[in-house]
Enquirer: 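I am attaching a structure below and will ask some questions about it afterwards.
Values below: all heavy atoms of this structure, side chains included; hydrogens, waters and symmetry mates excluded. Every number for a ligand or one of its atoms is a count from 1 in the order of the listing. In this chain, residues are counted from 1 in sequence order. Please read all numbers here as calculations on a predicted model, not as lab measurements.
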Amino acid sequence: MREFSSVTPESSQKWDVIHPEAGRWQFADSDRVVDFAVSHQLAIRGHTLVWGRASVPDYIEQAADAKQLRDYMADHISTLVSRYQGKIERWDVVNEPLAIRGGDYADYIFNRLLGTDYIEQAFYLAHQADPAAKLYINEWYDENDEEKFQAYYHLVQQLLDKGVPLHGVGIQAHYNFHDPAPEKLQRQIQQFAALGVEVELTELDIAKFPWLDNRLQDQGIEYYQAAKACTAVAACSGITVWGFTDRYNWIKDWLNLPGFTPLLMDQTLQPKPAYYGVQQALLERQPTANPF
Ligand code: XIL
């Protein structure tokens, strides 16, 4: 593929889509994405095994007790990870474990029945199913929310101190309601890297109202700065944008914000300043640094 070296299925691998009922799987859409990627020599980021905030099917929300939920989680993770063994090299094992803002854990069925240990249990299950896969924790946060950054950082540190098979940290980098703070982002990426893990920007998009004065040029600069915060750190090994054309983007659909143009290419797939911003950051990357 000319522009990209990796794909992430937007929704086809989410629990409620791929495994809506105990014993019932819907692999078709996910298989299509994986087969496409394999046939185009693209890397795949599996997304996502356990996400308590959305895409939780009823049979999970209604799990009777901890044992039943643990058995459901084991079945889900081992079936999904082993199905794509050798094809999917990175998995978002646990997505958004923390509350939207501040330092608390999010209130999910997983915490309520299994405690926060569900996080490490999910990593051990994924590692058992594919010992070669790189396992990521993935989170959204506003760089300016130092309390949440510290909570995410300490969660990763604790898991590593326990010897949990965690290999990478995902920073979603959705800039829908706040602007990027590239200096803080780069410092935070460096802090995670110092723990010995890979870091990736996993869902980058920068929402802008295009008609407000020159915002597309600003957006180009902001995409350059966000990408540069990653390319400047050797352990930052990937930048995934959450879609590439404004024609299809979750912000106008899920967040019901029509008119936002958050991505690299316009409705007609013409590159925007955003595209050249990311390209510039990649071109400026030190050859010895990160293996994009
Ligand atoms: C979003 C998808 O883009 C939408 O199409 C879907 O309706 C909801 O989920 N964080 C994540 C992603 O980890 O999986 C979410 O994707 C966006 C926020």
Enquirer: Which atoms from ligand 1 have a heavy atom of Glu96 less than 4.0 Å away?
Expert: 10 (N), 11 (C), 13 (O), 18 (C)
Enquirer: Report the nearest protein non-hydrogen atom to atom 6 (C) of ligand 1: residue, atom name, distance rounded to 0.1 Å.
Expert: Ser11 OG, 3.8 Å
Enquirer: Walk me through it: do Tyr84 and Ser30 pass the test side-chain hydrogen bond (donor to acceptor under 3.5 Å, both in side chains)?
Expert: CA-CA 10 Å; Tyr84 298 117; Ser30 168; 2.7 Å; yes
Enquirer: Where does the angle between the aromatic ring planes of Phe149 and Tyr153 fall among parallel (under 30°), tilted (30 to 60°) and perpendicular (over 60°)?
Expert: tilted
Enquirer: Tell me which protein heavy atom sits closest to atom 11 (C) of ligand 1, plus the residue, atom name and distance to 0.1 Å.
Expert: Glu203 OE1, 3.0 Å
Enquirer: What I'd like to find out is whether the side chain of Leu98 reaches to under 4.5 Å of the side chain of Lys148, using heavy atoms alone.
Expert: yes
Enquirer: If you measure every N or O of Asn138 against every N or O of ligand 1, does any of those distances drop under 3.5 Å?
Expert: no
Enquirer: Starting from atom 5 (O) of ligand 1, find the nearest protein heavy-atom neighbour and note its residue, name and distance.
Expert: Glu10 OE2, 3.1 Å
Enquirer: Is the terminal nitrogen or CZ of Arg90 (NZ for Lys, CZ for Arg) located under 6.0 angstrom from the six-membered ring centre of Tyr136 and within 45° of that ring's axis?
Expert: no
Enquirer: Need the ligand 1 atom indices (1-based, order shown) with element for anything under 4.0 Å from a heavy-atom of Gln172.
Expert: 10 (N), 11 (C), 13 (O), 18 (C)
Enquirer: Among Thr202, Thr8, Thr240, Asp92, whose side chain to side chain donor-acceptor pair (under 3.5 Å) with His47 holds?
Expert: Asp92
Enquirer: Please confirm whether His76 and Tyr72 have ring centers closer than 6.0 angstrom.
Expert: no
Enquirer: Considering only the protein, which heavy-atom contact is closest to atom 1 (C) of ligand 1, and what is its distance?
Expert: Lys14 NZ, 3.6 Å
Enquirer: What atoms in ligand 1 come closer than 4.0 Å to a heavy atom of His47?
Expert: 11 (C), 12 (C), 13 (O), 14 (O)
Enquirer: With distance as the sole criterion, is a donor-acceptor pair present between the side chains of Asp205 and Trp250 under 3.5 Å?
Expert: yes
Enquirer: Please work out whether any backbone atom (N, CA, C, O) or any side-chain heavy atom from C-beta onward of Asn95 is under 4.0 Å from ligand 1, and answer side chain, backbone, both or neither.
Expert: side chain
Enquirer: Among all protein heavy atoms in this structure, tell me which lies nearest to atom 7 (O) of ligand 1, with the distance rounded to 0.1 Å.
Expert: Trp254 CD1, 3.2 Å
Enquirer: Which bit of Trp140 is near ligand 1, meaning a heavy atom under 4.0 Å away: side chain, backbone, both or neither?
Expert: neither
Enquirer: Under a 3.5 Å distance rule, please check whether Gln219 uses its side chain to pair with a backbone N or O of Thr261 as donor and acceptor.
Expert: yes
